[in-house]
Structure formats: C-alpha cells, structure tokens
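Here is the structure we will look at.
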Amino acid sequence: MSAVLRQIRTIETDVCIVGAGITSAMVAEKLAEETDAAILVLEAGNRIFNLGDRFGHRERYIQYGENPWPDDHIRDQYAEGIQSRSMLVGGLAMHWGGVVPRFTPEDFRQRSIYGVGTDWPIDYDELEPFYQEAEERMGVGGEPGPGDLDLRSKPYPMRPMPLSWNLVQLKEWGEKSGIPFWTNPVAKTTEPYDGRAPCQRCDTCNICPTGAKYSPDFTFLRLLERGRIELRSRQLVRRLELETGSDRIVEAVVQDRDDPDGAYRVRARTFVVAAGYTWSSHLLLLSRSARYPDGLANRTGNVGRWITGHRPVSGFAEVPLKLYPGMYGGHSLLSKAFQRPGPLDRYVRHDLRLWDSSFGRGPRLRNDDGDLLLGEDLLSDWRARTRTGVARMRGYYDVIPDRESRITLEGGHENGWGDPMPSIRFVDAPESVDLREHTEQSIYGVFDRLVGAGGGRMLSRGASNAYDHPGGGCRMGDDPATSVVDSYGRTHDHENLFVVGAPTLVSGGCANGTLTFSALSLRSAGEIVRGL
Amino acid sequence: MSRTDRRTFLKNAAGVIPAAAVGARLGDSDRPEEADSAPILDAAILEAVAEIMLPTATLGRAGVEGALADFQRWVDAFQPAAELDHGYLTEQIRYGPPHPGPRWQAQLEALDLEARRRHDMSFAEVALDVRRALIERELRTEEGGGLPDPARADHVALGLLAWFFRTSLANDLCYDARIGRQTCRGIDSLPEEPGRLEADR
C-alpha cells in the first residue's frame with residue numbers, strides 16, 4: 001500500500017519515521033527491502049540534494065570559511081547547551097568525517113567486567129552482524145587490526161584507505177612503544193562502490209564534493225527513485241498521540257513549516273523516532289497527555305535521562321620525522337589496545353588515534369624576539385620551524401552518565417510554533433567523577449610512552465569538558481524502571497513506538513559512535529520488519 | 001591615468017598574464033570564482049605592497065602576478081556577513097565580517113597619498129625600504145603568534161600576507177614539496193613522499 005491522502009489534513013501510511021538522518025536512512029532502506037510497507041519519512045529540515053553544487057560550496061568553505069551546507073538548520077529550533085545545529089535530510093551525517101570504528105565487547109559489559117557503569121541488554125556478538133551490515137550499506141574501507149583487539153567475522157567491504165606518507169612514518173614512530181596501530185576505518189570509497197567513485201582525497205570530508213564519502217542522501221535518493229518511500233522535508237513533528245483507550249501511538253501531529261495553517265496528522269501502524277539524541281527525547285517529552293503527563297514512553301521518568309558520550313583527551317608532540325601536513329589531514333591511525341585492556345586494578349578505557357598535525361607550526365607575524373616577519377623572512381622562519389613534524393594524539397574515554405545527565409524542556413525559549421525548546425545538561429556519574437583524574441592521567445601517560453619510545457617532546461596536552469558523539473536519553477534496557485526502550489528500541493510503554501540509534505545508547509563507548517548508532521538501528525529495523 | 005582608466009588597463013593587463021604561470025603553482029582550492037566587475041583594489045599599489053609582503057624571490061614575477069590575481073579575485077568574490085561553518089558541538093551560528101575591500105582600498109590610497117606627500121612619488125615608485133617602513137608603521141601594533149583570518153586583517157598589507165600564507169601554494173613552498181593541500185588528487189599516491197618543488201622549476 002502506498003502512502004495516500006485519505007482525507008484532508010490526514011495522511012495514512014504503514015510506517016512513519018520521524019527524522020531523516022543516518023539511522024532513519026538505515027531503517028528506511030531495510031524496511032523497503034524486506035517489506036512492502038508504505039514508508040513515510042518526515043524531516044523538519046531542508047532537503048539539500050546538491051551533489052552537483054558541492055564543489056562550489058566547498059570552494060567557498062575553503063576560501064572564506066563559509067558554511068558549506070547553507071540552510072542546514074532551523075533558526076529557532078535549537079537547544080540550550082552544547083548541541084550541533086545541523087537539521088536537514090541526512091542530518092549530521094551530511095558533514096560528518098566518515099570515521100566508523102566499532103565499539104569493543106567491553107563497552108557492552110562494563111558492569112560485569114569492571115564493576116562500573118551499566119551493562120547493555122545486548123552484547124557485542126549480538127550486534128556484530130549488524131555492524132557488518134552497516135559497513136556494507138555505507139561502504140566502509142578498512143583493515144582489521146590484531147585479532148585479539150579488533151573482532152570481526154567478515155572482511156571489510158573495501159580495502160583500507162591507504163596510509164599517507166605521514167601516517168606511515170607515524171605508525172613506525174608509534175609502534176616503537178609496543179602499541180599496535182592500524183588504519184582507521186572510514187565510510188569512504190577506496191574503489192568504485194555502490195555507484196560511488198573512489199575517494200579523490202579532497203580532504204574536506206565535511207563537504208565531500210565527489211560523493212565518495214557515504215551520506216544518507218544517497219540512500220534516500222535511491223529509495224525515492226524506486227518509489228519505495230515518501231520523504232517530506234520541512235515538516236516538523238510536534239507531538240505523537242495515543243489511541244483512545246490504548247497505549248498504541250495512533251498519529252503524529254505535523255506542522256508544514258511553509259504554511260502557518262498547514263498542520264496535519266499522519267496515522268501509521270508503526271512509528272519510528274529517528275531524530276537523534278536531542279530531538280528524539282524532546283519529541284517524547286512534548287507528547288504529553290492525561291495518561292502520560294510527563295510525555296510518551298516516560299511512565300518511569302527516564303526519557304531524556306542518562307545522556308552520555310565520551311570525552312576527548314588530546315596531546316601534541318614534536319616528533320623527529322619529516323612530515324608534510326596537508327597530505328590528507330582527515331585520515332588517522334587507530335589503536336584499540338586501551339579499549340581492550342584486560343584486567344584492571346582501576347577502570348580506565350579509551351581509544352587512541354594518531355594524526356599528523358601542524359599544531360604550533362603555522363606561519364607567524366613576529367619571531368621570538370618580536371621582530372616583524374614579512375615576505376621571504378616569514379617564509380624562512382616558517383621553514384625553519386617545520387623541519388620536524390608534529391603528532392596529534394587523542395584518546396576518547398567513556399563517561400559514565402548520571403541519571404541527572406539529561407534533556408529537559410527547560411531551554412528557556414520556544415520555537416515559532418510555541419513548543420518549548422530543550423535544555424541539555426551533561427552530568428558525570430559519581431563513579432565517573434572519581435575516575436576522571438586517574439583516567440586523564442593514564443591517557444597522558446600513554447602519550448608520554450609514545451614520545452618516550454619514539455622520540456620527541458610534548459608540546460601541549462589537555463582534556464575537554466565536552467562529551468563528543470553524544471547519545472542516550474532513551475536508553476535501552478531490560479528493566480523499564482531504568483530504561484525507556486528494549487534492546488530493539490521498542491518503547492516499554494508503547495508496542496508500536498520505536499526509538500532508534502543514538503538515543504538508545506547505554507554508554508558512549510570509547511570511539512566515534514555513528515557506526516554503532518547505525519548498527520543498532522538496523523537491528524531495530526529487523527524487529528520492526530517482523531512486526532509488520 | 002585616472003583610477004577608472006587604470007583599473008580598466010590593469011584588468012585588461014591581467015588577462016595577458018599566462019594562465020599556465022598561475023595554474024602551474026596554485027591548486028584548485030586556491031582559485032576563487034571569477035568576478036565580472038573591475039577589481040576593488042588598485043592593482044598597481046597592491047603590487048607595490050606585495051613586493052614587501054610576499055616572498056617575491058621564491059615566487060618569481062609570474063608567481064607574484066598569479067598570487068595577486070588570485071587575491072584580487074578572492075577580495076572581489078567576498079560575501080559580507082556570510083554564514084560561517086558551524087561544525088560539530090556548538091549551538092552557535094556565526095557570521096563573517098563586513099567586506100574588507102572598501103577599507104583596504106582606502107588604505108592603499110592612503111599609502112599612495114602619503115608616499116606622494118613625503119617623497120613626491122607614488123607608493124609604487126618609492127624605494128623598497130621606504131615602502132617597507134611605511135607598511136611596518138601600519139603594522140606596528142600587530143601582535144605575534146599566528147596570522148589572522150585574512151578577512152579580519154586590520155590592514156590590507158596584513159590581509160594580503162595572511163591570505164597568501166594560508167594557500168596550498170604557500171604550504172608547498174614551506175615544505176618544499178608538492179603536497180597540494182585540499183586539491184582533489186586521488187588516493188593512490190598517498191603513501192609516497194611528496195616530490196620536491198625543484199623538479200617543477
């Protein structure tokens with residue numbers, strides 16, 4: 001059955017997906033392949049299917065620092081607190097870096113193995129096939145690391161992105177410490193793949209002008225061309241509503257952003273909230289009713305809570321190597337040695353990445369004596385200061401979230417439709433607060449180990465307060481008292497309401513999250529298929 | 001020659017600079033889109049400034065001309081208060097500065113006027129050390145550290161310098177290597193050490 005206009009202001013479909021980011025694309029594609037269901041995707045932001053224009057936008061981004069994705073956000077739809085602004089078809093994955101490491105088994109068993117945090121209701125082995133599926137759908141190039149550190153059942157879909165000259169030197173430098181490094185997996189083509197040409201190393205992955213980097217618009221375009229989905233952009237879902245006398249969701253209340261009088265309803269058998277970690281919780285909190293006065297799926301008050309992520313610790317070191325910044329700055333080396341550390345006296349886990357860098361080595365206007373440097377003098381000074389290279393090192397460590405780490409409706413402002421906007425407050429759990437100094441000092445110790453073995457000197461180091469790759473807010477679990485959804489993303493309170501991707505994370509892991517968000521979504525999609 | 005006539009002349013003259021001389025040294029990413037109208041900045045005075053601010057011996061005449069042509073295009077295609085890249089993990093939407101062109105042109109004219117009043121010669125005609133002294137005086141309050149965002153440079157001389165030294169060409173000159181930063185160039189040669197620039201000369 002195709003989505004049809006049943007009556008004025010009401011659209012009926014089988015599956016209504018709220019949001020059109022990467023997890024939405026994964027779910028929509030899998031449902032389209034495995035069912036005949038009518039699928040309607042609603043996206044509040046714009047549809048920017050502009051592959052042919054991206055060289056031009058890239059050029060202005062390089063030359064002037066302009067936003068390479070004009071109109072990629074909604075002016076009055078934002079949170080109070082740190083949150084990325086992209087809201088468009090494809091979501092943040094339109095300008096992501098395409099970095100796709102997997103979590104490790106320890107991420108799913110923190111409590112059982114290390115006595116901290118919370119175990120997930122699934123383990124790595126359960127998610128592993130979906131990691132593979134996500135890698136194949138996106139097109140990931142990678143090389144497996146050592147078997148005990150980098151678990152996988154099948155090869156990567158594509159050969160790895162070659163290491164640059166710089167990374168070849170840094171790998172040798174880093175491995176003098178005894179820490180193994182290998183190529184970071186990326187959702188970028190290293191050979192023709194699924195209609196995409198090989199990466200041209202433009203090194204502006206936030207706006208890939210060739211389409212070598214995976215972005216969800218490719219998936220949506222293909223589904224649209226096949227007539228398998230309806231995608232409505234600039235449609236803001238303001239609330240979900242319950243069926244009378246039931247806990248089933250019956251319809252979404254939608255506002256056409258181009259028509260002040262353009263409110264309508266979408267009725268569906270199944271609703272999938274795929275709106276990222278902020279807006280998924282936000283929509284549920286907005287969907288208050290007499291039976292659910294605190295919002296849908298929130299009988300136990302967990303919606304918006306336990307928001308999580310990982311905190312970056314960074315260091316820069318001068319290294320005794322001739323490096324050439326600019327070869328491919330977005331590519332890096334990866335080690336999972338500290339994600340799988342084995343038995344520990346005190347918990348500390350983190351990933352480890354290495355890049356070449358020009359930190360502190362840019363051209364400068366005055367020398368150390370304060371003399372003005374112009375023309376050849378400036379160039380000579382710059383050359384003299386770049387005879388050795390700089391390594392950038394970074395570890396992401398997982399922050400164990402507190403229940404008060406949360407998204408609320410207290411952002412202090414409303415959007416143009418009168419909906420309260422969210423507030424985001426990240427709060428470490430007490431055990432994470434206790435571990436923080438130990439964790440960050442341990443990572444600094446790893447940096448020192450690298451420099452001590454490979455040679456060089458530390459230039460700078462520091463830890464950020466921010467959570468990167470945030471998730472949670474609708475975390476998964478077996479116990480409704482402490483979670484919002486089950487391991488498939490089905491809400492405990494509503495049998496036909498799913499939340500997929502980042503919001504369902506229990507913990508943020510020690511690595512970029514997008515592949516895990518996508519793998520979880522594909523596992524959710526399988527469950528949705530079984531119920532249709 | 002009137003300013004308009006000079007602009008017309010310089011615009012026409014720019015057309016005879018061999019494209020290959022520019023293209024051989026500048027990556028795709030260094031080349032802004034073409035502007036249709038006359039350049040905002042006076043080319044003759046700007047060239048006289050460039051002789052102080054750019055590494056002219058390294059670039060050679062063709063290289064300087066190419067860089068100036070690209071800088072003029074960059075200025076002419078500037079969009080004031082453009083929305084800037086907002087990246088990850090910020091709720092802030094930022095906008096760029098006003099167009100620097102009119103202010104920079106006024107500064108060029110002031111340099112020229114001062115040279116005429118002090119030395120009865122245009123800025124382009126006075127000796128290099130005089131030019132340098134005039135420019136250094138304009139930059140005396142500039143602090144050290146990294147170079148500014150070119151569009152936010154207080155003075156046209158600093159804008160030109162900051163613009164040039166962030167180009168892919170300048171990066172190549174610094175490392176004496178054909179790195180080609182942000183030039184779409186394929187992945188097969190990634191593991192190879194970039195070739196020396198001398199091979200191109």
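Sequence lines set the chain letters: A, B, ... in the order given, protein chains first and strands last, and positions in each chain run from 1.
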Top of Ala212(A), Pro325(A), Ser358(A), Gly81(A) for chain B proximity - count of heavy-atom pairs under 4.5 angstrom: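 Option with the greatest count: Pro325(A).
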Among Leu372(A), Asp377(A), Asp203(A), residue most engaged with chain B (heavy-atom pairs, under 4.5 Å):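 Counting heavy-atom pairs under 4.5 Å, the top option is Leu372(A).
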Do [X] and [Y] come close enough that some side-chain heavy atom pair is under 4.5 Å?
X: Gln92(B); Y: Tyr78(A); result: no
X: His86(B); Y: Asp72(A); result: yes
X: Asp85(B); Y: Ile207(A); result: no
X: Ile93(B); Y: Asn67(A); result: no
X: Glu193(B); Y: Tyr324(A); result: yes

Under 3.5 Å: donor-acceptor pair, side chain of [X], backbone of [Y]:
X: Arg166(B); Y: Gly362(A); answer: no
X: Arg185(B); Y: Met327(A); answer: yes
X: Trp74(B); Y: Gln63(A); answer: yes

Euclidean distance, Leu378(A) CG relative to Leu54(B) CG, rounded to 0.5 Å: 10.0 Å
At a 4.5 Å cut-off on heavy atoms, which part of [X] comes close to chain B: side chain, backbone, both, or neither?
X: Thr386(A); result: both
X: Asp468(A); result: both
X: Thr190(A); result: both
X: Pro209(A); result: side chain
X: Pro198(A); result: neither
X: Tyr467(A); result: backbone
X: Thr210(A); result: neither
X: Leu163(A); result: backbone
X: His331(A); result: neither

